[in-house]
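Worksheet for the structure shown next.
Below, chain A is the first sequence line, B the second, and so on; all start at residue 1.
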Number of protein chains: 2
Amino acid sequence: MNFSDLIGRLQSDAYLAPHICNTNHAKGSQIIKQGEVCQDVIFLRRGLAQMSYVTFEGKEWIKSFFAENSVMGSRRCQIMGEPSHFAITCLEDCEVTAIPYDKLRSVCSKDPDLMAVFFDFNEQVSLRKEKREYEFLCLSAQDRYRGFLEDYAHIVPRLTQAQIASFIGITPIALSRIRKRINQAESLGVAGAQ
Amino acid sequence: MNFSDLIGRLQSDAYLAPHICNTNHAKGSQIIKQGEVCQDVIFLRRGLAQMSYVTFEGKEWIKSFFAENSVMGSRRCQIMGEPSHFAITCLEDCEVTAIPYDKLRSVCSKDPDLMAVFFDFNEQVSLRKEKREYEFLCLSAQDRYRGFLEDYAHIVPRLTQAQIASFIGITPIALSRIRKRINQAESLGVAGAQ
DNA sequence: GACTCGCATTAACCCGGGTTTATTGGACAT
DNA sequence: ATGTCCAATAAACCCGGGTTAATGCGAGTC
């Protein structure tokens, strides 16, 4: 089941329909604010968004990026009803569909197909998180950057260096130094190959 | 449903019973080896275990610790059937119950109660991973150490400094320095309060 | 053209953590 | 008592990344 089909199916569900909310958000606006409770599952139909923490010193660290056709939300909010530890911010104008978690879950519990979709979805999230934990534990910032360029090739052109740096856990200055190192190594490599 | 009840219930399931395997593992032995495929869900009934990566330079980084009454396994193996990126090693003698993931899943799909148990379990894992990602992104090694002492107070006495260091992503030497800093700050604090 | 604004880069300095090697001290065996 | 093993600490040195401040350098705007 692809993303559009999934949304279509949810929207045509009689029980769910009145709880579904389609909204647009301008670039720069926040879909969820840090410290706020939002128990919706948020389907991003168009645009680009980030999840990020702002520390008490005012520094922003990006947890993840989401492009069109992805599903967002704070597990903590959805499951526990507690305030979100992070914000969701639009990096481009975004079109989203929001559905309360408990409503979605109760529909899933009656529809094995849907249940399977979200179970698989959770598994995918688990795998991504497992990979990210590995990268922070075992890789240098430089290797995390290389990995990022591969894994996120499709959205890299839509991001700034500062955003990428924040995602891999370093400052923009450090990222700039890494890019310099990589470029120098490459030109040396080319020269060495001649 | 508590842990023993859950295992009892699984063991008394006629379909599952022939696939369930109870084994003992000596301290130091590996329940899953890095690079091996093991599609079992592993219930740790007694003992203490770790999941860890060994990098190609031979350094070991610990992903997580598991004490009695917890559930282990490689999502990647279970779901994708691919080799595990990490090993599970016994830090004490362990008693485990292993059940193939696909068998367990098919039983769950017919038993909403069980499905809910594992769905909740996945949610708990997600929350833990979310927290760990936050700690690596936003906290210093020293703050991660403080957090570890709080969150894992119940197993700290059973671990070495080297294991704790590996879990929070630093060397034992660095942890020793941090402990020294904390002790000095504490004795200063006490002195200052007099 | 001259102005600003935002992004990326650079340089200079500092500090936390890695690396290597050495030392201490407890547990255990002989 | 002596030797061995291992965990923990300590000292010396190096390097990556943080911090601050300065410098390009386009894209708009007036």
Checklist entry - What string of B, S and - do you get for nucleotides 6-20 of chain C, 5' to 3', when a contact is any protein heavy atom under 4.0 Å? => result --SSBBB----BBBB

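Residues forming a salt bridge (charged side-chain N to carboxylate O under 4.0 Å, His left out) with K103(B) (at least two apart in sequence, or on another chain): none. With sequence neighbours left out, D5(B) forms a salt bridge (charged side-chain N to carboxylate O under 4.0 Å, His left out) with no residue at all. Under the rule for a side-chain contact (heavy atoms from CB on, under 4.5 Å), the partners of L159(B) that lie at least two apart in sequence or sit in another chain are L48(B), F65(B), L91(B), F148(B), I155(B), Q163(B), I164(B). For the salt bridge (charged side-chain N to carboxylate O under 4.0 Å, His left out) test, residues two or more places apart in sequence or in another chain that qualify with D120(B) are R105(A). For R9(B), the salt bridge (charged side-chain N to carboxylate O under 4.0 Å, His left out) partners two or more places apart in sequence, or in a different chain, are D111(B), D113(B).
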